[in-house]
Q: 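This is the structure, below, for whatever I ask next.
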Amino acid sequence: GNSVTQMEGPVTLSEEAFLTINCTYTATGYPSLFWYVQYPGEGLQLLLKATKADDKGSNKGFEATYRKETTSFHLEKGSVQVSDSAVYFCALIANTGNQFYFGTGTSLTVIP
Amino acid sequence: EADIYQTPRYLVIGTGKKITLECSQTMGHDKMYWYQQDPGMELHLIHYSYGVNSTEKGDLSSESTVSRIRTEHFPLTLESARPSHTSQYLCASSRDGRSPLHFGNGTRLTVT
């Protein structure tokens, strides 16, 4: 079956620290992979995506590389800001289906 | 800016009342989804639709119902609200099976 496992939080970092949020997946075929971000009181917004192996998605200083050999899609940012405080969700959609599979979310708090 | 709109944003209602949560999108997307998000942040798919007159139940058993009479509109109805229905409800849409989901800002429902 299809599933996403992501690092549990909450994560608290100081401003300008390096961020990694781990995400691994199980899927049939060749899924597309996504990171979504949810700010307080809002819905989820697409942060970045990758549709095939070795693709790197990037946006707003965040990056994630689709690693088929390790079935991973870890989110990274070199220097976090207070405004990055949010909940981050890893997700996939398999190429054989129409349903999205989400991880459980990782809450990030960045302190000045 | 949101191309998918949910109303109301907040709703407090008494037990036993019938309620309808509205969701509309202006992107012409065929696929639409309803998720319930619990306080621990995890998303649970409760209903989805692949087009007009097509609706399916999701992974989470729900006492709600949905309809899809028009492409742009996907309302969710609770016939008799209960305190266990207290949650955040997120509506989403996508263009096709591999495209990212677009989310509304959610409806936070409290049943007293």
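Bear in mind the structure is a predicted one, so any value in this text is a computation, not a measurement. Numbered from 1 within each chain, the chains take letters A, B, ... in sequence-line order.
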Q: If you take all heavy atoms of Gly105(A) and Met41(B), which pair is closest and at what distance?
A: O-CE, 3.9 Å

Q: Consider only side-chain heavy atoms of I, L, V, M, F, W and Y, link residues closer than 4.5 Å, and tell whether Tyr66(A) and Leu75(A) are in one cluster.
A: yes

Q: So which of Arg9(B), Gln37(B), Arg108(B) has the largest heavy-atom pair count under 4.5 angstrom toward chain A?
A: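 Of Arg9(B), Gln37(B), Arg108(B), Gln37(B) has the most heavy-atom pairs under 4.5 Å with chain A.
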
Q: Does CD belonging to Glu8(A) count more than 12 external heavy atoms closer than 6.0 Å?
A: no

Q: Considering only heavy atoms, which portion of Leu46(A) lies under 4.5 Å from any heavy atom of chain B: side chain, backbone, both, or neither?
A: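 Looking at Leu46(A), just its side chain touches chain B.
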
Q: Tell me whether Tyr30(A) at atom OH has more than 12 heavy atoms from other residues, nucleotides or ligands lying less than 6.0 Å away.
A: no

Q: Quick one: do Phe102(A) and Leu101(B) satisfy side-chain contact (heavy atoms from CB on, under 4.5 Å)? Show the steps, please.
A: CA-CA 11 Å; Phe102(A) 286 88; Leu101(B) 287 173; 3.8 Å; yes

Q: How about CD on Gln81(A), more than 12 heavy atoms from neighbouring residues, nucleotides or ligands closer than 6.0 Å, or not?
A: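 More than 12 heavy atoms, drawn from other residues, nucleotides or ligands, come within 6.0 Å of this atom.
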
Q: What heavy-atom pair brings Gln88(B) and Glu42(A) nearest, and what distance separates the two atoms?
A: NE2-O, 4.1 Å

Q: Looking at Phe100(A), Tyr36(A), Phe89(A), which hits ring pair (Phe, Tyr, Trp, His ring centres under 6.0 Å) with Phe103(B)?
A: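 The residue from Phe100(A), Tyr36(A), Phe89(A) that satisfies ring pair (Phe, Tyr, Trp, His ring centres under 6.0 Å) with Phe103(B) turns out to be Tyr36(A).
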
Q: Would a single hydrophobic cluster contain both Val80(A) and Leu48(A), if residues Ile, Leu, Val, Met, Phe, Trp and Tyr are joined by side-chain heavy-atom contacts under 4.5 Å?
A: yes

Q: Determine whether Leu90(B) and Gln38(A) satisfy the following criterion, side-chain contact (heavy atoms from CB on, under 4.5 Å), listing intermediate values before the conclusion.
A: CA-CA 12 Å; Leu90(B) 293 170; Gln38(A) 185 177 30; 4.2 Å; yes

Q: Sequence neighbours excluded, which residues qualify as side-chain contact (heavy atoms from CB on, under 4.5 Å) partners of Asp96(B)?
A: Arg98(B), Ser99(B)

Q: Assigning hydrophobic clusters by single linkage (Ile, Leu, Val, Met, Phe, Trp, Tyr; side-chain heavy-atom cutoff under 4.5 Å), is Leu33(A) placed with Val87(A)?
A: no

Q: Does Leu21(B) belong to the same Ile/Leu/Val/Met/Phe/Trp/Tyr cluster as Leu78(B), with side-chain heavy atoms less than 4.5 Å apart forming each link?
A: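 Same cluster: Leu21(B) reaches Leu78(B) through Ile, Leu, Val, Met, Phe, Trp or Tyr contacts under 4.5 Å.
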
Q: Could you name the residues of residues 27-36 of chain B that have a heavy atom within less than 4.5 Å of a heavy atom in chain A?
A: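 Against chain A, the residues of residues 27-36 of chain B that fall inside the cut-off (heavy atoms, under 4.5 Å) are Lys31(B), Tyr33(B), Tyr35(B).
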
Q: Side chain, backbone, both or neither: which part of Gln45(A) has a heavy atom under 4.5 Å from chain B?
A: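 For Gln45(A), there is no contact with chain B at all, as no heavy atom is under 4.5 Å.
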
Q: Using the rule that two of Ile, Leu, Val, Met, Phe, Trp, Tyr join whenever any of their side-chain heavy atoms come within less than 4.5 Å, decide whether Leu19(A) and Tyr39(A) are in one cluster.
A: yes

